[in-house]
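Input: a single structure, listed below in structure tokens.
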2 protein chains.
Amino acid sequence: MNEAISTPRFSTLGASRIADMLQLLQDSMPIQRRVVRAGDAVYQVGQSFGCLYVVNSGFFKMVNLSGEGREQVVSLHFKGDWMGLDGISNGKYGCDAIAMDTGEIWAIRYDALIQAAVRTPALLTAMHGAMSRELRRDHDSMMSLCTLPADARVAGFLRYWADALDQRGLRTDQFTLRMTRAEIGNYLGMTLETVSRALSKLARVDVIRFTEKGRRDIHIPQIEALTDFIRDMSSPAVGAAAFH
Amino acid sequence: MNEAISTPRFSTLGASRIADMLQLLQDSMPIQRRVVRAGDAVYQVGQSFGCLYVVNSGFFKMVNLSGEGREQVVSLHFKGDWMGLDGISNGKYGCDAIAMDTGEIWAIRYDALIQAAVRTPALLTAMHGAMSRELRRDHDSMMSLCTLPADARVAGFLRYWADALDQRGLRTDQFTLRMTRAEIGNYLGMTLETVSRALSKLARVDVIRFTEKGRRDIHIPQIEALTDFIRDMSSPAVGAAAFH
DNA sequence: CGAAAGATTGAGATATTTCAACTGCGGTGG
DNA sequence: CCACCGCAGTTGAAATATCTCAATCTTTCG
């Protein structure tokens, strides 16, 4: 809230946090850059763990697949996010990391990071912060999955996306979802039809608007309306009348 | 599988990993012990972050509460598990940590841990391993929430619990669930009635048995039957006929 | 013992899925 | 250039899993 006073529309505070972190990595660690295109795997489940990856640009999903072919998108990663942290414990990556757009990732050797951290403790702080945020984000996802109806989960997803953009200093009132309805549905634990209906409903009550460019570009008149919508849908009867 | 050869019923491999970790902490760090009773809060959401906590004995839940009173159990913690990791990033704990039984936890200062890690790198390995396993566990939970029907989620919960016991060298063929149906349901994203029905169904098809002591003591004739049940329920029509 | 909390079970209500039809769009090739 | 195909998305209607509400039973504990 407070940072919004200094910058009416965008919060550049988070953006500098991320930029500083990337700068720190560049300055104090050997980094291997890699450009990826949509669909490329940064690493795959079961592959031997050695590197952590930091997103420099682009947009990634982590896909967990279970024994009998069930496939689940468990997290999304934007600029500044770390990937591969779940591989530390047993020497193998736990998920597939898939690029959803062209982008650049930085690979850093985990053992090198630990060594460099002796001289540059901020590296450890950065990595721990990333892990900690990911845990927190996971918990938010679980809460959303467990306590919210489908409509509200979709609204929460849009708010999450807008927050992620905001933290990176990007505009949050209008953006392009770079996922299909099926991918969104998978991430949110519902079918693609339910996602579609939820978005239609959000548009009907004017919490979001579709731009002329297509049904993947979304305009959010005011972000608070999303939060209100989530609250109204999660408390049973109260807001039911308001939204037809 | 392989370790089962040396110890027919229990895996002591995981148990020693945990014992070694606790020993390491004791030997190389100042530790503050604290005994807790069922219902006690180790820390609460919003409280200023300073310590990480390691479970020495007992059993704990992490409860996330959202803006308007929605309350969600996001994880469970047994002996050797770390708690409070999600507080690192922003200086405040993200959840309530609640004891579900009498137990002892060890508090270690995060800053002290980082300092001690310079001399004893294994400390860092231990902490990173704990974080990494927690991320992995979260992803498994999400997959379960998103892809499995209620019955299978309950079966998955029992398998998870048995695995946790197994890793600590405890018997896994029979144990006491120390959670109410309501707590289990909250954790699994379903109502207490659905949990009850799922357990009844599991008992009906003889995947589990209730002991004479009450409906909270559960006997699992063979753990593989749980896995089979989950698989059968997650692939639509195939196993539907077998289970009435 | 009696009250309160936990658990089970049934029956109707409801949210979401499933199945299916239809639209719009972009690319490809005749 | 246009016809056609495949993919993404939307929407409707029936099917179904889960929730809600309610009654009953069991266990625990003061």
Side-chain angles (χ1 to χ4, degrees), chain A residues 38-39 70 100 144-155 157 176-204 208-218 230 232-237 239-241 243-244, chain B residues 37-39 70 100-101 144-155 157 176-204 208-218 230 232-237 239-241 243-244:
Chain A
R70 281 147 48 217
M100 308 200 71
S144 177
L145 287 169
C146 287
T147 68
L148 293 181
D151 292 337
R153 292 212 295 281
V154 172
F157 171 74
T176 304
L177 290 178
R178 278 168 298 184
M179 299 170 74
T180 66
R181 303 293 191 253
E183 282 172 317
I184 297 169
N186 181 287
Y187 181 53
L188 298 178
M190 66 189 76
T191 61
L192 67 94
E193 293 95 331
T194 301
V195 175
S196 180
R197 279 186 253 266
L199 288 171
S200 295
K201 179 173 181 179
L202 284 166
R204 201 181 319 133
I208 68 171
R209 291 175 195 157
F210 290 112
T211 70
E212 69 292 343
K213 308 270 294 198
R215 302 139 306 288
R216 225 135 148 184
D217 278 283
I218 290 187
I230 295 167
D232 292 343
M233 298 309 280
S234 59
S235 42
F243 298 102
H244 149 244
Chain B
R37 303 174 63 92
R70 282 148 47 218
M100 308 200 71
D101 200 354
S144 177
L145 287 170
C146 286
T147 70
L148 294 181
D151 291 337
R153 292 212 294 282
V154 172
F157 171 74
T176 304
L177 288 178
R178 277 168 301 183
M179 299 170 73
T180 66
R181 303 296 192 251
E183 282 173 317
I184 296 170
N186 180 288
Y187 180 54
L188 298 178
M190 67 188 75
T191 60
L192 68 95
E193 293 93 334
T194 301
V195 175
S196 181
R197 279 186 253 266
L199 288 171
S200 295
K201 179 173 180 179
L202 284 166
R204 202 181 318 132
I208 67 171
R209 290 175 194 156
F210 291 111
T211 71
E212 70 291 342
K213 307 270 297 200
R215 297 139 311 289
R216 225 139 149 182
D217 278 284
I218 289 186
I230 295 168
D232 291 344
M233 297 309 279
S234 60
S235 43
F243 298 102
H244 149 244

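All values derive from a computational prediction rather than experimental measurement. Basis for what follows: all heavy atoms, side chains included, without hydrogens, waters or symmetry-related copies. So you know, we letter chains A, B, ... as the sequences are listed, proteins then strands, and number each from 1.
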Identify whether any heavy atom of A:Thr194 sits under 4.0 Å from a base atom; if not, whether one sits that close to sugar-phosphate; answer base, sugar-phosphate or nothing. base
If you define the side chain from C-beta out and look only at heavy atoms, does anything of A:Met233 sit under 4.5 Å from A:Leu148? no
Does A:Ser200 place a side-chain N or O at less than 4.0 Å from the phosphate oxygens OP1/OP2 of D:dT11? yes
Write down the distance between CZ (A:Phe210) and C1' (D:dA8), rounded to a whole number of angstrom. 13 Å
With a 4.5 Å cut-off on side-chain heavy atoms, are A:Leu199 and A:Arg215 touching? no
What is the distance from CZ of B:Arg181 to C1' of D:dC25, rounded to the nearest Å? 14 Å
For the student: nearest non-hydrogen atoms of A:Tyr187 and B:Cys146, plus distance: O-SG, 4.0 Å
Rounded to whole angstrom units, what separation is found between the CG atom of A:Asp217 and the C1' atom of C:dG24? 16 Å
Counting distance alone, no hydrogens or angles: does the base of D:dG9 have a donor or acceptor under 3.5 Å from a partner atom on the side chain of A:Arg197? no
In terms of side-chain heavy atoms of A:Ser196, which of D:dT10, D:dT18, C:dA7 is nearest? D:dT10
Separation of C:dG6 atom P from B:Leu199 atom CG, nearest Å, is 16 Å
Side-chain atoms of B:Met190 come closest, of D:dG9, D:dC19, D:dT20, to D:dC19
Take atom CD1 of A:Ile208 and atom C1' of D:dG9, then tell me their distance rounded to the nearest Å. 13 Å
Using whole Å, what does the distance between atom P of nucleotide D:dT27 and atom NZ of B:Lys213 come to? 12 Å
B:Arg153 versus B:Leu145: any side-chain heavy-atom pair under 4.5 Å? yes
Any non-hydrogen side-chain atom of A:Arg216 less than 4.5 Å from a side-chain atom of A:Thr180? yes
Selection from C:dA7, D:dT18, D:dA8 that lies nearest to any side-chain heavy atom of B:Thr180: C:dA7
Tell me the interatomic distance from B:Leu188, atom CG, to D:dC19, atom P, rounded to whole angstroms. 11 Å
Have a look at B:Gly185 and say if it touches a base, only the backbone sugar-phosphate, or nothing, with a 4.0 Å heavy-atom cut-off. nothing
What is the separation between atom CZ on B:Arg215 and atom P on C:dG6, rounded to the nearest whole Å? 13 Å
Closest nucleotide of DNA chain C for A:Arg153 versus for A:Glu193: which of these residues is on the 5' side? A:Arg153
Can you tell me if B:Arg216 touches the phosphate of C:dA7, counting only side-chain N or O atoms and a distance under 4.0 Å to OP1 or OP2? yes
Return the nearest nucleotide to the side chain of A:Leu192; candidates are D:dT20, D:dT18, D:dT10. D:dT10
To the side chain of A:Thr191, which of C:dA7, D:dC21, C:dT17 is closest? C:dT17
